[in-house]
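First up is the structure itself, then whatever we jot down about it.
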Amino acid sequence: MEVQVMQALLSTAAMLLIVISLRATQLLPVVRESDRIVQVELPERSLAVLPERETRRIGITFYTAPAPFEGAEGVRQTLAIHSWLRLDCRPDVVLMGRHPSLKSFAQPLEPHVSVDSDIDITFMGNPMFHSMIRQAQASSSEIIVLIDPNLVLLNDFTAAITKVRAAEKNWLLVVKPIRTSMFPFDLLGPSELWLRSDGVFADDDEVRKIVKFKGVSTDCYGPGLWAWNKGDAQLHAGVVPPFVYGSGHHSEWLLTEALVSKYRTVIDGSDVITLVAPQTITSRLYNGDGAHGRPWDVAGNSVLAMQYGSLYYKPADLSNVTMKLVKCGGKVRYSLCLYNRTEVLEACKPHNRKLRLAQKSDPPASSQDWFSFGQWFGRSASARKLQALDCKTIALATDEYLRCPRLTKKSVKGSELWLPFSLEALVARVASPDKVVVLSVVGDSYRAMLMSWVCSLRRLNISNYLVYALDDELYQHAVSQGVPVVKSSQTMRASRDDCHFGTKCFQDVTKMKSRTVLHLLQLGFKVLFSDVDVYWFQNPIPEMMSYGPGTLVAQTDQYNDTEAANLPRRLNSGFYFAWPDRATVNVFVKIVKHGMTSNMSEQPSFYDTMCGIDGEHRQGDDRCVEPETNVTAIFLDRRLYPNGASGNHWEQSNVRESCERQGCRVLHNNWVAGRERKLKRQVAAGLWDYDETTRLCLMRTSKQ
Ligand SMILES: *[C@@H]1O[C@H](CO)[C@@H](O)[C@H](O)[C@H]1NC(C)=O
Ligand SMILES: *[C@@H]1O[C@H](CO)[C@@H](O)[C@H](O)[C@H]1NC(C)=O
Ligand SMILES: *[C@@H]1O[C@H](CO)[C@@H](O)[C@H](O)[C@H]1NC(C)=O
Ligand SMILES: *[C@@H]1O[C@H](CO)[C@@H](O)[C@H](O)[C@H]1NC(C)=O
Ligand SMILES: *[C@@H]1O[C@H](CO)[C@@H](O)[C@H](O)[C@H]1NC(C)=O
Ligand SMILES: *[C@@H]1O[C@H](CO)[C@@H](O)[C@H](O)[C@H]1NC(C)=O
């Protein structure tokens, strides 16, 4: 395995070398000594395989959520990640996301680059910020870095992190990027040196010089890099709302909470760490103000930012971060110092001249790592000169912070979350290539259960599902969680506890189910309908489809394991698969009509239509054939698709094991009275994949 990777790397390297030598000889063979450009003997360049460094012992892991490695964005991300891998601190890099291109990118760079796909994403494929933070927090690394996938980082990062690590107990380092329209550098894999566009190698100083000269730094976009030590303090109080990553406000939100909570010393490292946003290519993900996000994601993030935490009341940007990491000492032999900007500015005020002079004669502060203004003003040969200069520099640096547009009631349009998709548009978007869609119809009383169901589908890598919301509360919640959802046109109130089996409300709600299925069938989609109280162990779609068109494959509701599955009223309409052929559509029209004139729930309408009221269309003990259309109802094997009463699984001490042992594809949590008891028993059985407090799908590792 390793040998293969090495060979692959070497052949790539060889190819690149040919390209470089051509470029180097043809374009720019002459290099002046005075330039800080280094020309290297090409055969000696080692590409991709870098030697381990001393500082590697620190244990740093970079977490990032890249877009698919495609097109210009892929090129930009590749450059950024290579720039991290070459840092002296030799970090590990974890790519958070589910797109297959992440795995292809990581594979040749293993074990230093790996993929974490256990992350919540919206149905449009965007990672969710709260989930990213959770995954990063779960790291065992001493230092955790969360970084935008488009940002190039130079090696001054290593010195900065070493400094902060020694000085502070619980810290959070933030860095704002420099944007530059000119970034004529490339890396050949994670190699030590930069390749300038004219074919000459350059070192970090050269790159930094160009960036500082050409770039603009603006803090309206919030930090592009967060680094913190594992330590023993939280990053902030409270819970991160489910922001869509890259659609604005999450960076400001996190910064504000970290400052307000005061659990950690927040340090601005922007002056000494070179973090570059190369703007030759416009970035989709690096957009703190959300300008490039999808309009509804941007609107959604601002609603969440308004509703949760302190951002609305005490908005913060980098100008609120008073601790700064700066270069201090001589111009040539400088070191890094931490100082409190507020304190220094205070000391610089004219009436504090006396204080300054007193400080000057004081011995330096006891802690070596803390840079107090005693040291700042006292240590130079010409203290007075430095004093004047630095007060001015610091004042200027402070003024430099722009007043950025802040989140206000006015800037947030509306207070609702929404998606711009009709049922037709949404199903076209989510359905699988063979036009299969999984549908659930649900109201807010089943909010938590819906989310657990969604999480188990995500776990099974099933993304062709769609939720039909019966009320606005559920709709809003589902949108905020990245669930593909449409709203019922009818303003149905499925209130929290009163809408259970047998009630009028329950009947109306269940009838929406068959009507929605009919609508989707008429649009030409194959539909797997599943109630949210059906727990999925495996993907049942291929098996249910194997019966072919003209079949309605359904769970039986038979509670007596010794009796036939297709006895009267034993068809469970909470879990079935239907085809969009003409005959099945006709049968569904009948079922819906039957339901409209009945004062019962829609479940009997299925059986009575397919099998006859007394079961006169039964065939064998697991089928019925509807006489007018010949559509066949097939009752699924109870051992593989048990309802809540069959197999006694819910009575076992280990429900999951009991069901999995006999090969369950799904298990229905029915045959229990009341929403509360249903919920309790499913949570108690561990057939639960969602955490309501954090609004996150449970981590896979913590399940097993
Ligand atoms: C940040 O600074 C602004 C203006 O100075 C202030 O209004 C705001 O409350 C500060 N935020 C925090 C979290 O301290
Ligand atoms: C910086 O100094 C000011 C003024 O003394 C103080 O209020 C603030 O807490 C200090 N900040 C930190 C992070 O220590
Ligand atoms: C998940 O499904 C997608 C297609 O729907 C597929 O490309 C991908 O490889 C699957 N991932 C896993 C981990 O099974
Ligand atoms: C199940 O059916 C069998 C035979 O039809 C009957 O003897 C038995 O009592 C039934 N069990 C229950 C629990 O109803
Ligand atoms: C439902 O309708 C039937 C007649 O179609 C009637 O006998 C029955 O009483 C009704 N039930 C309820 C609960 O209204
Ligand atoms: C249903 O099947 C029967 C028996 O095979 C056949 O005679 C009849 O024409 C079929 N009806 C339809 C609508 O296909």
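Note: hydrogens, waters and symmetry copies are ignored here, and every other heavy atom, side chains too, is used. All ligand and atom numbering here is 1-based and tracks the order in the structure.
- Here the rule is side-chain hydrogen bond (donor to acceptor under 3.5 Å, both in side chains) with S605, and of H594, K593, K590 only H594 fits it.
- Judged by the 6.0 Å and 45° rule, K435 forms a cation-pi pair with F525.
- Checked against a 3.5 angstrom limit, the closest N/O atoms of N320 and ligand 1 fall inside it.
- With sequence neighbours excluded, no residue forms a ring-ring contact (aromatic ring centres under 6.0 Å, His included) with F635.
- Under a 4.0 Å criterion applied to the non-hydrogen atoms of V260, ligand 1 contributes the atoms 13 (C).
- For the side-chain contact (heavy atoms from CB on, under 4.5 Å) with T274, the lone residue among L154, L153, V175 that qualifies is L154.
- Look at T322 and you'll find a heavy atom under 4.0 Å from some atom of ligand 2.
- Of the heavy atoms in S310, none comes closer than 4.0 Å to ligand 1.
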Give a table of atom pairs where an N or O of ligand 6 lies under 3.5 Å from a protein N or O.
{"from": "ligand 6", "atom 1": "2 (O)", "to": "N630", "atom 2": "OD1", "distance (Å)": "3.3"}
{"from": "ligand 6", "atom 1": "2 (O)", "to": "N630", "atom 2": "ND2", "distance (Å)": "2.2"}
{"from": "ligand 6", "atom 1": "11 (N)", "to": "N630", "atom 2": "ND2", "distance (Å)": "3.0"}
{"from": "ligand 6", "atom 1": "14 (O)", "to": "N630", "atom 2": "ND2", "distance (Å)": "3.4"}

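- On a distance-only criterion, A316 and ligand 1 share no N/O pair closer than 3.5 Å.
- Near P315, with a cut-off below 4.0 Å to any heavy atom, the atoms of ligand 1 are 1 (C), 8 (C), 10 (C), 11 (N).
- With sequence neighbours excluded, the residues forming a ring-ring contact (aromatic ring centres under 6.0 Å, His included) with F62 are W84, F157, listed by chain and number.
- In terms of polar-atom proximity, T342 is not counted as a contact of ligand 2, lacking any N or O under 3.5 Å from an N or O of the ligand.
- When the ring-ring contact (aromatic ring centres under 6.0 Å, His included) test is applied to F529, the partners found at least two apart in sequence or on another chain are Y576.
- Annotation for ligand 2: atoms under 4.0 Å from non-hydrogen atoms of M323 are 12 (C), 13 (C).
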